[in-house]
Asker: 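Quick one: this structure, given as structure tokens, is what I'll be asking you about.
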Amino acid sequence: VGRTLQLSLADLLEGFQQTTVIATMQCAGNRRASLLSVRDIPGEDPWGGGATGTGKWTGVRLADVLAAAGVGDGAHHVAFSAHDVSRLPRPAQPYGSSIPIQKAMAGEVLLAWAMNDADLTAVHGAPVRVVVPGYIGARSVKWIDRITVQTEPSDNYFQATAYRILPPDVDPAKACPGDGISLSSVALNCEILRPVHGEQIHPGPVRISGYAFAGDDRSIERVDISTDAGQTWHQAELDEQASPWAWRLWHTTVNLNPGRVNVRARAWDSTGATQPQSPEHVWNPKGYANNSWASRAFDQLDHDAPIAKGDAGLKCR
Ligand SMILES: Nc1nc2c(c(=O)[nH]1)N[C@H]1C(S)=C(S)[C@@H](COP(=O)(O)O)O[C@H]1N2
Ligand SMILES: [Mo]
């Protein structure tokens, strides 16, 4: 860069235009649990479809801060480094990531200090974090310490070694920096949120709802629902889009016969892509980017059957 900047939170607040983006944060490990049912993934958390959320982020544009520093010709990547030190890599190193300069200069990437109109809490990255809408959560570095403009992607463990799609037969413990496919945009995916898994439903029409998300600049165009294992589909209604960077909530109401019901959902995006059918098709050694069809089983009761006591509760696994 033309000149190195050292900026306090007060400098960001006073020296740059404040802006707001509604964006979905989604971990690359979202929906990993169903990959685990294909084959074990030691050491990784068995998350269901809840490793994601949508918030209103307030901060300054990374592009404005980079412009103030003056980005030179050889700039291809913008790397972030944080205050928290991880012992996963040997030797231990601070958390870090990088994004391509084109993304960094696009207006949606923020250095944010607030979420949903409240100062960030410590756990979400206070005082300032990066928010990279449309990219996997791992790129949205919390507790940001240093921003470096460079020719190559970050050599940080969490960019060079982790958050990569390795071939199925590779042992992740033996993976080297640069192995596998580096993740950036979130893979097109969806999840059914209601009814919850194993819930008992009263007789009558059932409302089914969930989210769908297409990473980076792609958008959700359609969500299909099937109650016959994908033989036939009908289209759910898409709720209003909160922002180009937010998930799309959807809902539909179906009439079902009493008994155990399996509902499946799949989304389509603005490139015409849709989701693969089964987690077997996307299994990878670290369990990232499971974008196979959403699937949910619950019981539609007979008219005279009693509802069992106790709520099934929202089970994230
Ligand atoms: N400094 C730092 N930033 C980080 C991480 C981390 O461990 N350290 N985890 C990343 C990952 S993997 C995700 S999914 C998101 C989660 O953001 P949240 O904690 O606000 O939900 O933060 C990202 N930023
Ligand atoms: Mo994550």
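Whatever order the structure lists them in is the order used to number ligands and atoms, beginning at 1.
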Asker: Apply the test side-chain contact (heavy atoms from CB on, under 4.5 Å) to residues V60 and W113: give CA-CA distance (whole Å), side-chain angles for both, the deciding distance (0.1 Å), then the verdict.
Answerer: CA-CA 9 Å; V60 297; W113 55 79; 3.7 Å; yes
Asker: Considering only protein heavy atoms, which is closest to atom 8 (N) of ligand 1, and at what distance to one decimal place?
Answerer: D84 OD2, 2.8 Å
Asker: Under the ring pair (Phe, Tyr, Trp, His ring centres under 6.0 Å) criterion, do F213 and W247 qualify, and how do the steps go?
Answerer: CA-CA 5 Å; F213 189 47; W247 60 21; 7.7 Å; no
Asker: If you measure from each non-hydrogen atom of A28 to ligand 1, which part falls under 4.0 Å: side chain, backbone, both or neither?
Answerer: neither
Asker: Would you say N284's side chain and I165's backbone share a donor-acceptor pair under 3.5 angstrom?
Answerer: no
Asker: In the protein, which heavy atom is nearest to atom 19 (O) of ligand 1, and how far is it?
Answerer: K142 NZ, 2.5 Å
Asker: Does NZ or CZ of R39 fall inside the cone over W283's six-membered ring, less than 6.0 Å from its centre and within 45° of the axis?
Answerer: yes
Asker: Mark up the atoms of ligand 1 that fall under 4.0 Å of a heavy atom belonging to A82, in ascending order.
Answerer: 1 (N)
Asker: What's the shortest distance from atom 12 (S) of ligand 1 to any protein heavy atom, and which residue and atom give it?
Answerer: Y163 OH, 3.0 Å
Asker: To which protein heavy atom is atom 18 (P) of ligand 1 closest, and what is the distance rounded to 0.1 Å?
Answerer: H124 ND1, 3.4 Å
Asker: Counting non-hydrogen protein atoms only, what is the nearest one to atom 23 (C) of ligand 1? Give residue, atom name and distance.
Answerer: G137 O, 3.2 Å
Asker: Side chains of M25 and W57: closer than 4.5 Å at any heavy-atom pair?
Answerer: yes
Asker: Are more than 12 heavy atoms, taken from residues, nucleotides or ligands other than R260, located less than 6.0 Å from that residue's CZ atom?
Answerer: yes
Asker: How does C27 reach ligand 1, if at all, at less than 4.0 Å between non-hydrogen atoms: by side chain, backbone, both, or neither?
Answerer: both
Asker: Does R31 make a cation-pi contact with W47 (under 6.0 Å, within 45 degrees of the axis)?
Answerer: no
Asker: Please write down residue, atom name and distance for the protein heavy atom closest to atom 24 (N) of ligand 1.
Answerer: S140 O, 3.0 Å
Asker: For ligand 1, is there an atom lying under 4.0 Å from some heavy atom of R129?
Answerer: yes
Asker: Walk me through it: do W268 and W250 pass the test ring pair (Phe, Tyr, Trp, His ring centres under 6.0 Å)?
Answerer: CA-CA 13 Å; W268 297 75; W250 54 265; over 10 Å; no
Asker: Does ligand 1 have any atom that is closer than 4.0 Å to a heavy atom of F158?
Answerer: no
Asker: Around atom 7 (O) of ligand 1, find the nearest protein heavy atom and jot down its residue, atom name and distance.
Answerer: Y95 CD1, 3.6 Å
